[in-house]
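When a ligand or atom number is given, it counts from 1 through the structure's own listing order.
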Amino acid sequence: MARRWGLISFLVVVVCLVGWKVELASGELGVNWGTISSDPLPNNIVVQMLLDNKFVKVKLFDANSDVISSMKGTNLEVMVAITNDMLATMATSTDAAAAWVKQNVTAYLGNGGVNIKYVAVGNEPFLNGYNGKYVDATLPALKNIQAALAAAGLVDTVKAVVPCNADILGSQPLPSQQTFRSDLAPLMLQIVAALDSTKSPFVVNLYPFLSLVLTTNFPIDFAFFTGYNTPIIDGTRVYSNVFDASYDGLVSALSSAGYPNMLVSVGEIGWPTDGANYANISLAQKFNQQLVNHLESGVGTPLRPGKLEAYVFSLLDENAKSTLPGNFERHWGVFNFDGSVKYPLDLTGGVSGAQTQLIGSKNVPYFPNQWCVVNPNKDLSTLPANIEYACAHADCTPLYAGGSCSGLTLVQNASYAFNTYYQFNSQLQSSCDFTGLAQVVTTDPSVGTCKFVIGLKPATGSTIAPPGAPSSANSGASLQADLRMLVIFVAVVVVNSCLLLE
Ligand SMILES: *[C@@H]1O[C@H](CO)[C@@H](O)[C@H](O)[C@H]1NC(C)=O
Ligand SMILES: *[C@@H]1O[C@H](CO)[C@@H](O)[C@H](O)[C@H]1NC(C)=O
Ligand SMILES: *[C@@H]1O[C@H](CO)[C@@H](O)[C@H](O)[C@H]1NC(C)=O
């Protein structure tokens, strides 16, 4: 009798474990959460969006305590980051590395805490554009953080990674010939060995958009996943999109370094919607939908069949990022800066059967419906100087060539500039003056696709849900976990009662 119950509870456990695996496999999609914004969306609203849209993994660019704390009590797998300017300190001091891990990892772990899984050691530290500034510090920083994680007993649960730009690779024409960039090759061997010692993935950022925009004569179809009619033929393998070709180029470089099975995680991938040619909503929607479909299809790349792990770049537009890479840099969000939906996107990649759509932010603390525009009854001869001033202190990226507001008249683009400045300055009356040329209006001055935004009130901090008080949306995952525990619990109770009865 007991044995039969034992068998049944064993089967129940097996069923539960299988259920668990399937659940894990059905949503590996991550997303980057950057916060370089004049008026960032309150953290609790962002977390609600992450949960509503069933993102599983979240990648941060620093270790802001308010941001990390806002994910307490959720199951989100979080990557926290050491910024590049801290690498030298981490490299030279084991104490500093230990203190970083203690304050920015260990302090959040545990029941009701934050599910921190990765520490990013720098962000693209070997980027060509940095001229080698962080090259020497990265490996010793990685090793010190690994040692600090190990000393904290976290060697199996929290992995240190080094998110790299794809420019760590050389420029071989075929993916199978790819190696690490020659100036970095000896260092990359050591980085990869250090990652392998803790079974950590290699994190790489891939940007088909940049390939398209920065490479003359780059075939647009090769940036997408719909099939390019002159694919790269690499032996028996056929590459019809640059994503697969770059990904397998990395896999080949890892193989020739002696690590053919190292896990690869795509740390950033996406498409911007403004600020350059090709940066528009229809192409972003096309790319991101095809990307998600590709990731979720399980087809994988020629060298790595199966599901692929990736973090979409990015969750929200960030209107205060540096425009050094280009004006598009402030427009990578799948959502607008305020968390509103830019375009339809099914993040399940269609595999769930039921088409799901993005869910926008809720309870957004907008300022009142007030915009700052040009008063047309004034002498407008000084408009250009005023535009220049406003744009130097706010975000005018949509006004320039390729942008969503590039077709405006001089007066309209002055209004755009005045309004972005006014919203950046929390709708202060004094910020809508411009030597008397400006006035506040209450009807939306937006022109076609050119949106004149309303800013957000700063977060009070007190709106963040207390730890251990999960919001309704995260109950989906935890409810399933609870049900599994309940089934196991019931099975165990039944088995025990049977044993007692015998
Ligand atoms: C933890 O991270 C924050 C934010 O990135 C940083 O300012 C702080 O110095 C870190 N703590 C330690 C002990 O290094
Ligand atoms: C997006 O950009 C492409 C390439 O420049 C262009 O062909 C297309 O018309 C644009 N779509 C929209 C809606 O602006
Ligand atoms: C503003 O409008 C004029 C059209 O009169 C245009 O030439 C100019 O490039 C626009 N953009 C900016 C940023 O001034």
query: Are the side chain of N165 and the backbone N or O of E124 linked by a donor-acceptor pair below 3.5 Å?
result: no

N277 contact mode with ligand 2 (heavy-atom cut-off under 4.0 Å): neither

Tabulation required: pairs of a nitrogen or oxygen in ligand 1 and a protein nitrogen or oxygen under 3.5 Å; columns are atom names and distance to 0.1 Å; otherwise 'none'.
from, atom 1, to, atom 2, distance (Å)
ligand 1, 2 (O), N104, OD1, 3.2
ligand 1, 2 (O), N104, ND2, 2.3
ligand 1, 5 (O), A63, N, 3.3
ligand 1, 11 (N), Q103, OE1, 2.9
ligand 1, 11 (N), N104, ND2, 3.2

- request: Kindly compute the distance separating OH (Y118) from NZ (K159), expressed to the nearest 0.5 Å.
  value: 8.5 Å

- request: Give the atoms of ligand 2, by number and element, whose distance to some non-hydrogen atom of S282 is under 4.0 Å.
  value: 11 (N), 12 (C), 13 (C)

query: Aromatic rings Y247 and F243: how do their planes relate, parallel, tilted or perpendicular, breaks at 30° and 60°?
result: tilted

message: Angle between ring planes, H294 versus F225, binned at 30° and 60°: parallel, tilted or perpendicular?
response: tilted

task: Tell me, please, which residues at least two apart from N319 pass side-chain contact (heavy atoms from CB on, under 4.5 Å).
output: S37, S38, D39, D395, F424

Proximal ligand 2 atoms for N280, defined as those under 4.0 Å from one of its heavy atoms: 1 (C), 2 (O), 3 (C), 8 (C), 10 (C), 11 (N), 12 (C), 14 (O)

query: For the residue pair Y130 and Y134, does the interplanar ring angle fall in the parallel (under 30°), tilted (30 to 60°) or perpendicular (over 60°) class?
result: perpendicular

query: Does L345 offer a backbone N or O that forms a donor-acceptor pair with the side chain of Q357 under 3.5 Å?
result: yes

